[in-house]
Amino acid sequence: MSSADLEIDPLSAARLLLGAELTGRGVTATVVEVEAYGGPADGPWPDAAAHSYRGPGLRNSVMFGPPGRLYTYRSHGIHVCANVVCASDGVAAAVLLRAAVVDTGLDVAWSRRGAAVRESGLARGPGNLCSALGITMDDNGTDLFDPRSPVRLRLGELRVGDAGPRVGVSKAADRPWRMWLPGHPEVSAYRRSPRAPAPGESD
DNA sequence: AACGTGATCTTA
DNA sequence: AAGATCACGTTA
């Protein structure tokens, strides 16, 4: 398994990432919740909710690059969130990592997240996931399959999880591009964006 | 339902 | 230059 296995569409990549093992600075975790994101209107997967929708810019350029890289962005001024870039070089698509089960390095994860959080909450939510694994904006663009990289990914079997709408997006709010492995308390509850149009009125 | 928080983007 | 937006998380 290598970055070539991610040269696929974002929905397939999302399924491939369910159950994958993510390692970040002393913590390894199993990915249990992801969201697929596409690209501009004239690309293969038009997606108004994607950062890449309006073409490459300073923030999102990694999304347009080769697969197997990490795309990080800062959200709401506070949190760092992480995506795995998929599709061919030059085509924008990525999968947001929303939740994971911490397998090893629990003490490290707890020291980063604070002793008060429950074990199932260590990497619950995209911001918390990055916090638990020590992922920062400096990791933007890093090669997840380079053994020297501080953040690495090991792909497993293709898993088909449950699917539903993405959390918190105001565009394409009904599109069922969030996927998760059922039965894990790490998976976030669904929250529709208050700015999204009523269900059924969005593409 | 509200809000803290700041980078990024759109609009002018 | 100004204003809106936001792939969040916590508290209520």
Side-chain angles (χ1 to χ4, degrees), chain A residues 9-11 13-15 17-18 22 29 31-41 43 45-64 69-87 92-100 102 109-110 112-141 161 163-180 184-199 202-203:
Chain A
D9 68 275
L11 283 175
R15 285 188 274 264
L17 284 165
L18 287 179
L22 185 69
V31 176
V32 295
E33 184 192 2
V34 298
E35 282 175 1
Y37 284 91
W45 309 290
D47 184 5
H51 288 169
S52 48
Y53 186 60
R54 293 167 202 281
L58 220 56
R59 172 174 70 152
N60 62 11
S61 61
V62 173
M63 254 187 103
F64 291 80
R69 310 279 255 262
L70 194 70
Y71 163 50
T72 58
Y73 67 93
R74 188 171 297 281
S75 177
H76 296 261
I78 312 169
H79 308 98
V80 174
C81 303
N83 298 249
V84 175
V85 176
C86 60
V95 178
L96 172 68
L97 304 176
R98 287 199 55 92
V102 176
W110 251 309
R112 291 184 177 133
R113 295 276 295 116
V117 308
R118 309 228 308 267
E119 179 170 342
S120 64
L122 284 173
R124 176 185 167 114
N128 290 335
L129 185 152
C130 287
S131 172
L133 300 217
I135 296 171
T136 72
M137 284 303 294
D138 289 339
D139 296 313
N140 190 34
R166 295 173 289 188
V167 172
V169 300
S170 60
K171 311 281 189 182
D174 300 327
R175 194 183 292 193
W177 278 18
R178 179 167 70 118
M179 303 194 176
W180 63 93
H184 290 282
E186 288 82 2
V187 175
S188 343
Y190 173 60
R191 295 177 67 170
R192 170 173 273 255
S193 166
R195 299 170 292 281
S202 171
D203 51 294

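Excluded from the calculations below are hydrogen atoms, water molecules and symmetry mates; all remaining heavy atoms, backbone and side chain alike, are included. The chains referred to below are lettered A, B, ... by the order of the sequence lines, with proteins before strands, and numbering in each begins at 1. Treat the numbers as computed from the prediction; the structure is a model and nothing was measured.
Counting to the nearest Å, the P atom of dA7(B) and the CG atom of Asp138(A) are 15 Å from each other. Nucleotide dT10(B) holds its P atom 13 Å from the CG atom of Leu58(A), rounded to whole Å. One can place CG of Asp174(A) at 16 Å from P of dA7(C), the figure rounded to the nearest angstrom. Distance Arg74(A) CZ to dC8(C) C1': 12 Å, rounded to the nearest Å. Between the CZ atom of Arg98(A) and the C1' atom of dC8(C) there is a distance of 8 Å, given to the nearest Å. The nearest whole Å value for the distance from the CG atom in Asn140(A) to the P atom in dA7(B) is 16 Å. In this structure, the CZ atom of Arg59(A) is 13 Å from the C1' atom of dT10(B), given to the nearest Å. Taking atom CG of Asn60(A) as the reference point, atom C1' of dC6(C) lies 14 Å away to the nearest angstrom.
Asn128(A) comes within contact range of the sugar-phosphate backbone alone, with a heavy-atom separation under 4.0 Å but no base atom that close. Contact annotation for Arg166(A): no contact, since no heavy-atom pair falls under 4.0 Å across all strands. Using a 4.0 Å heavy-atom distance criterion, Met137(A) is classed as making no nucleic acid contact. Residue Arg191(A) is in base contact, counting any heavy-atom pair closer than 4.0 Å across all strands shown.
Comparing the same atom, P, in dA2(B) and in dT5(C) gives a spacing of 16 Å after rounding to whole Å. Rounded to a whole angstrom, the distance from the P atom of dT11(B) to that of dA7(C) is 16 Å.
Taking CG of Asn60(A) as the start and OH of Tyr71(A) as the end, the distance is 5.5 Å to the nearest 0.5 Å. In this structure, CD on Glu33(A) lies 4.5 Å from CZ on Arg178(A), to the nearest 0.5 angstrom.
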**Q.** Residues Arg98(A), Trp180(A); criterion side-chain contact (heavy atoms from CB on, under 4.5 Å); working and verdict
**A.** CA-CA 9 Å; Arg98(A) 287 199 55 92; Trp180(A) 63 93; over 6 Å; no
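The side chain of His51(A) places an N or O atom within less than 4.0 Å of a non-bridging phosphate oxygen (OP1 or OP2) of dA7(C). One finds no side-chain N or O of Ser193(A) lying less than 4.0 angstrom from the OP1 or OP2 phosphate oxygen of dC6(C). Between Arg178(A) and dA7(C), a side-chain N or O to OP1/OP2 separation shorter than 4.0 Å is absent.
The aromatic ring of His76(A) sits over the base of dC6(C), with ring centres less than 5.5 Å apart and planes inclined by under 30°.
Of the listed nucleotides (dG4(B), dT10(B), dC8(C)), dC8(C) has the atom at the smallest distance from the side chain of Cys81(A). When distances are taken from the side chain of His79(A) to each of dG9(C), dT10(B), dT8(B), the shortest belongs to dG9(C). For Arg113(A), the side-chain atoms get nearest to dT10(C) when compared with the rest of dC6(C), dT10(C), dC8(C).
Minimum heavy-atom separation, Ala94(A) to Pro10(A): O-CB, 4.2 Å.
Remark: side-chain polar atoms of Trp110(A) are paired, donor with acceptor, to backbone N or O of Val117(A) under 3.5 angstrom.
Nucleotide dG4(B) forms a pair with dC8(C), judged by Watson-Crick or G-U wobble geometry with both contacts under 3.5 Å.
For Tyr73(A) against dA7(B), no side-chain N or O and base N or O form a donor-acceptor pair under 3.5 Å.
Taking for each of Arg195(A) and Gly125(A) the nucleotide of DNA chain C with the nearest heavy atom, the 5'-most of the two is the partner of Arg195(A).
By the 4.0 Å N-to-carboxylate-O rule, Asp9(A) lies too far from Arg15(A) to be salt-bridged with it.
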